[in-house]
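Input: a single structure, listed below in structure tokens.
Computed from a predicted model, the values in this text were never measured in an experiment.
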Number of protein chains: 2
Amino acid sequence: MTAAQIFKALGDPVRLEIVKRLADGSAYTMNNLSKDLGISRQGARKQIQVLVSANVVFLKPIGRETLVTLDMSSLELARAFITSMENQWDQRLNALKNFVEK
Amino acid sequence: MTAAQIFKALGDPVRLEIVKRLADGSAYTMNNLSKDLGISRQGARKQIQVLVSANVVFLKPIGRETLVTLDMSSLELARAFITSMENQWDQRLNALKNFVEK
DNA sequence: TCATAAGGCAACCAAATGGTTGCACATTGA
DNA sequence: TCAATGTGCAACCATTTGGTTGCCTTATGA
């Protein structure tokens, strides 16, 4: 999965709320997770599917329920991507600073 | 600006490439930035506008050119958001671990 | 056993997105 | 001065997105 895909998956208020809840560990079944999002169950299902496709989340059917679990490695990848850009930026500024001081 | 808006802005390959270049400090005018993205200048312009609207980037017209600059605080906000979710996750796991060990 | 709970899937729809072309306009430098 | 450069803006288009409703299937538990 690319960084852009993960960012895209996180780039929706409903999906981000879902991910936030999962990180909290408070909700973990489809039904549970679909409540109080302001949209229908089927609507929520589609958003969860987007997260599944981006590997931000994975599903595990247990009996008649389906467990939803966060895949932390995707968050880690996203964070690492941002950090690397921040590092690039800092290095550039330092290089500029050295040039000026010389 | 909300975290979801920033993630959404970063969630497109073309826009992410633009941000990457800016972090690098190698390109900084509209014209410069619009090259080699695989789309027209006007197409690139629209994507840059998305970044502007999300406050990921800001513009500064100089004569007939327009400088594009990264707003690092948006990246910082995005990174902080991810970090906070990772912390929540870790705390949850630790709480679970303590419960099992008790 | 059988009503209820959990969930999947498809069709449909309006709005947003990502791109295009065409044209106008101000700045610049020879 | 004037052609070239850098940029903006609007109209247009196909596809994607985010949501809906309707219906079907499978487990569960009283």
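Applying the 4.0 Å criterion to OP1 and OP2 of D/dG8, one finds that B/Arg64 has every side-chain N and O outside that range. A close approach under 4.0 Å does occur between a side-chain nitrogen or oxygen of B/Thr66 and OP1 or OP2 of D/dG8. In this model, the phosphate group of C/dG8 is approached by a side-chain N or O of A/Arg45 to a distance below 4.0 Å at OP1 or OP2. The phosphate of C/dG19 (OP1 or OP2) has a side-chain N or O of B/Gln47 nearer than 4.0 angstrom. At the phosphate of D/dC9, neither OP1 nor OP2 sits under 4.0 Å from any side-chain N or O atom of B/Lys46.
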Q. Going through the checks in order, is the side chain to side chain contact (heavy atoms under 4.5 Å, CB included) test met by A/Lys8 and B/Asp12?
A. CA-CA 7 Å; A/Lys8 185 173 187 177; B/Asp12 174 272; over 6 Å; no
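As judged by a 4.0 angstrom heavy-atom cut-off over every strand, B/Gly43 is placed among the base-contacting residues. Using a 4.0 Å heavy-atom distance criterion, B/Ser40 is classed as a base contact.
Residues B/Leu51 and B/Val68 are not in side-chain contact: their nearest non-hydrogen atoms beyond the backbone lie 4.5 Å or more apart.
Within the model, atoms CD of B/Gln42 and CD of B/Gln49 stand 14.0 Å from one another, a figure rounded to the nearest 0.5 Å. Distance check, rounded to the nearest 0.5 Å: CG of A/Asn31 to OG1 of A/Thr66 gives 10.0 Å.
Looking at A/Gln42, its side chain has no donor and acceptor atom pair within 3.5 Å of the base of C/dG7.
Take the nearest nucleotide of DNA chain D for A/Ile62 and for A/Lys8: the residue whose nucleotide is more 5' is A/Lys8. In terms of position along DNA chain C, the nucleotide closest to B/Val50 lies nearer the 5' end than the nucleotide closest to the other residue of the pair B/Arg41 and B/Val50.
Rounding to whole angstrom units, CG of residue B/Leu33 and P of D/dG6 are separated by 14 Å. When rounded to the nearest whole Å, the span between CD of B/Glu17 and P of C/dG18 equals 16 Å. In this entry the distance linking CD of B/Gln5 with C1' of C/dT17 reads 16 Å, nearest Å. Summarising the geometry, the separation between CG on A/Leu51 and P on D/dT17 is reported as 13 Å, rounded to the nearest angstrom. As rounded to whole Å, 18 Å separates atom P of D/dT15 from atom CG of B/Asp12. Nucleotide D/dT17 holds its P atom 13 Å from the CD atom of A/Gln49, rounded to whole Å. If you measure from atom CD1 of B/Ile48 to atom P of D/dG6, you get 14 Å, rounded to the nearest angstrom. Note: CD1 (A/Ile39) to C1' (D/dT21) measures 14 Å, nearest angstrom.
At a cut-off of 3.5 Å, with distance as the only test, a side-chain donor of A/Thr2 or A/Gln5 sits close to an acceptor on the other residue.
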